[in-house]
Protein chains: 2
Amino acid sequence: MRIGELADRACVSTRALRYYEEQGLLRSSRTAGGQRVYPQSAEDRVRLIRELYTAGLTSRVIASLLPAIDARHVGPELLARLLDERARTTAKIAELQAAGQRLDALIALATHPDSDSCPATLDQAAASSSAP
Amino acid sequence: MRIGELADRACVSTRALRYYEEQGLLRSSRTAGGQRVYPQSAEDRVRLIRELYTAGLTSRVIASLLPAIDARHVGPELLARLLDERARTTAKIAELQAAGQRLDALIALATHPDSDSCPATLDQAAASSSAP
DNA sequence: TTTGCCTTTGACGTTGACGTCAAGTTCTAG
DNA sequence: CTAGAACTTGACGTCAACGTCAAAGGCAAA
């Protein structure tokens, strides 16, 4: 398939696909006229790339990960980075959960009849940073 | 206190503090000479701002949230946005958890003796996008 | 008063993952 | 064979949250 179809299938822009190729994340063969041609498997590949991006990894890190995934072999150097990224991801999740609770408190503030009934929630929303 | 001390206390740069003020997130009074002066409470304020940033909110959204937090009253318009942000946060957490599992699979690939023992994990790492 | 750190505004630089526009080329349906 | 959709490379634009540098002025201690 050509770039437009892949873009549709994988729900990304053609610009993104060219960018991925430029970053060494995605390969393509070419027609006689120079247009990119992709195999069916490219769709999954792009979804994998997207997922790694979503995980907060940069293109450079992803570029170093993909060969390891393909070869099903991870070296010690890469392992260190993986553990690092894993920790980062765990931390991010915790931060997002904390933020989610804060948003919940604000939502409760709007949906509950009155604030007088439960001032503790408000305090939590306005002064959680004072916790050790 | 002046800007340097607040920066130290809240663990942010002075540039960030000026930026927050520029974005309407933080206020300050001034000395006769024009230097910024902050009350003690500013430290908590900055930490709150940082936390909201960490939650993935933009300065514009935070600027609209802070008055609601201060007044302890959330209007229906803001509530809609809050619910939206809450959903976004939930989705992000789910994505990060999925990415975390993917990273775990890669880590297992590196730390386990051999890949032959458990190819299922590898498949999961390489083809999770094919799941419905 | 002088030393010297702190602060001011202004403005340009950075980073990442693309968006967008332009000018030209290729492919495909009819 | 021809219209026009799809594709090519190249290059500049974007956005957010600051970093960084410069020139000038404020402030506290000796």
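Note on naming: letters A, B, ... go to the chains in the order of the sequence lines (proteins, then strands), and numbering restarts at 1 for each one. The basis for the numbers below is simple: all heavy atoms, side chains too, and nothing from hydrogens, waters or symmetry mates.
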Excluding sequence neighbours, so at least two apart, what forms salt bridge (Lys or Arg N to Asp or Glu O under 4.0 Å) with B:E21?
B:R30, B:R36
Check salt bridge (Lys or Arg N to Asp or Glu O under 4.0 Å) between A:D8 and all other residues, then give those that pass, not counting sequence neighbours.
none
Roughly how many Å is it from [atom1] in [X] to [atom2] in [N], rounded to a whole number?
X     : N      : atom1 : atom2 : result
A:R30 : C:dC27 : CZ    : P     : 12 Å
B:L25 : D:dA16 : CG    : P     : 13 Å
A:R18 : D:dA6  : CZ    : P     : 13 Å
A:I3  : D:dT9  : CD1   : P     : 8 Å
B:E5  : C:dC5  : CD    : P     : 19 Å
A:Q35 : D:dC7  : CD    : C1'   : 4 Å

Is the closest basic N to carboxylate O distance between [X] and [Y] below 4.0 Å?
X     : Y     : value
A:R47 : A:E43 : yes
A:R45 : A:D70 : yes
A:R88 : A:E85 : yes

Can you build the contact string for nucleotides 11-19 of chain C? Use B for base contact, S for sugar-phosphate-only contact, and - for no protein heavy atom under 4.0 Å.
B-----BBB
Contact class for A:R2 (heavy atom, under 4.0 Å): base, sugar-phosphate, or nothing?
sugar-phosphate
Consider the side chain of B:T31, meaning its heavy atoms from C-beta on, and name the nucleotide among D:dT9, D:dG26, C:dT9 that approaches it most closely.
D:dG26
Run the salt bridge (charged side-chain N to carboxylate O under 4.0 Å, His left out) check on B:R18 and B:E22 step by step: do they pass?
CA-CA 6 Å; B:R18 294 193 191 96; B:E22 184 184 318; over 6 Å; no
